[in-house]
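Inspection log for the structure reproduced underneath, given as structure tokens.
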Amino acid sequence: MTTTKTLADVAAISLGAVRTMERHGLDYCCGGKQSFDEACLGKGLTPESVMQEIEQAQGTGAPERDWQTAPLGDLAKHIGATHHEYLKLELPALGKRLDKVLAVHGARDPETLNRMAKVFGALREEMEMHMRKEEGILFPFIEQYGRAEAQGQPMPPVPFGSIANPIAMMEREHVSAGDALGEIRALTQDYHLPSYACSTVGALYEGLQALEADLHVHIHLENNILFPRAIALERQ
Ligand SMILES: [Fe+2]
Ligand SMILES: [Fe+2]
């Protein structure tokens with residue numbers, strides 16, 4: 001056995017670990033509670049060699065921040081400024097691209113394209129609402145927790161009983177977003193371009209795949225680091 005860690009634990013090591021796991025199709029995000037060793041074996045991979053790749057990935061590129069120890073408010077701000085901003089730009093842009101593809105190629109494969117438009121539309125609406133809840137309600141409380149921790153003060157009371165309540169709701173919505181991404185991946189045959197693909201279809205697939213990768217890192221930072229740290233502070 002290489003490790004007793006779960007996929008989520010290993011993903012929390014570094015962004016290099018996240019990228020490596022992504023490349024191997026290891027679901028550290030919504031399937032993060034699985035054991036790392038078992039998930040690797042299930043994919044026909046040797047856990048030792050994947051772990052080695054992760055260790056090598058850590059040494060490359062600019063050093064990243066250790067979000068396990070950085071002030072909690074900084075992590076909430078980082079998620080907002082990078083991943084939420086990304087979605088606010090990309091979701092409308094992808095929506096437009098999808099509309100164009102539907103108008104031009106809708107008749108070629110109406111079943112797949114209409115279903116894709118429906119799943120994407122629901123994902124977009126849900127994520128836009130989800131981010132409003134995080135930015136308007138949950139993250140400001142998490143930032144207050146972070147300030148209280150830094151000053152050695154008790155955690156301020158929250159109006160929803162425990163911080164674990166809104167967090168559980170956010171996690172349920174993450175599962176639903178993960179399901180939508182999985183369905184879009186299946187509908188596009190793992191982002192394999194159809195024979196009729198023009199440059200808009202290419203740009204759509206590329207954008208959807210990048211959205212999937214970004215959303216996986218985003219959900220990972222919340223589910224595996226931000227939320228557990230907030231819950232642990234409240235329990236102290
Ligand atoms: Fe978020
Ligand atoms: Fe979220």
Side-chain angles (χ1 to χ4, degrees), residues 6-9 11-12 14-15 17-19 21-22 26-34 64-95 119-147 149 158-185 207-234:
T6 63
L7 288 175
D9 293 336
S14 69
L15 208 53
V18 164
R19 302 274 179 235
M21 292 164 89
E22 199 118 75
L26 294 164
D27 179 12
Y28 56 84
C29 171
C30 297
K33 293 199 168 59
Q34 257 192 96
E64 61 192 78
R65 223 152 151 203
D66 180 359
W67 292 120
Q68 298 283 10
T69 53
L72 201 56
D74 287 8
L75 174 55
K77 284 201 181 76
H78 165 77
I79 292 171
T82 54
H83 301 291
H84 286 197
E85 285 310 306
Y86 173 87
L87 285 176
K88 285 175 200 168
L89 286 173
E90 276 305 300
L91 289 170
L94 284 170
V119 175
F120 175 81
L123 171 69
R124 176 180 172 182
E125 211 174 294
E126 194 177 54
M127 283 316 296
E128 285 170 346
M129 177 90 81
H130 178 86
M131 287 189 290
R132 279 201 290 277
K133 288 185 238 174
E134 286 183 341
E135 289 172 14
I137 304 165
L138 181 57
F139 284 15
F141 279 105
I142 291 183
E143 285 175 30
Q144 281 187 32
Y145 271 30
R147 279 194 292 275
E149 183 193 27
V158 290
F160 23 73
S162 159
I163 201 118
N165 294 328
I167 285 177
M169 182 198 264
M170 294 303 106
E171 286 180 340
R172 279 196 297 278
E173 293 177 3
H174 291 166
V175 171
S176 159
D179 288 346
L181 291 172
E183 186 171 352
I184 292 172
R185 179 172 271 284
L208 285 171
Q209 213 173 345
L211 179 86
E212 180 192 57
D214 191 86
L215 206 48
H216 279 166
V217 175
H218 175 178
I219 294 177
H220 154 69
L221 287 175
E222 292 175 359
N223 278 11
N224 300 336
I225 305 180
L226 184 73
F227 296 166
R229 282 188 59 191
I231 289 173
L233 276 179
E234 191 181 62

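Scope of the values below: all heavy atoms of this structure, side chains included, with no hydrogens, waters or symmetry mates. Fair warning: this is a prediction, and the values are worked out from it, not measured in the lab. We count ligands from 1, going down the list as the structure has it; atoms in each ligand are counted the same way.
- Here the CD-NZ distance, from Glu173 to Lys133, works out to 3.5 Å after rounding to the nearest 0.5 Å.
- Contacts of Tyr86 classified as ring pair (Phe, Tyr, Trp, His ring centres under 6.0 Å), with partners at least two apart in sequence or in another chain: none.
- Taking a cutoff of 4.0 Å between a charged side-chain nitrogen and a carboxylate oxygen, Arg132 and Glu128 do not qualify as a salt bridge.
- Screening the protein for N, O or S atoms under 2.8 Å from the Fe ion (ligand 1) yields 4; no waters enter the count.
- Residues passing the side-chain hydrogen bond (donor to acceptor under 3.5 Å, both in side chains) test with Lys33: none are found, sequence neighbours excluded.
- Evaluation of the ring pair (Phe, Tyr, Trp, His ring centres under 6.0 Å) rule for His130 yields His174 as partners, not counting sequence neighbours.
- Taking CG from Leu72 and CZ from Arg147, the interatomic distance works out to 11.0 Å, rounded to the nearest 0.5 Å.
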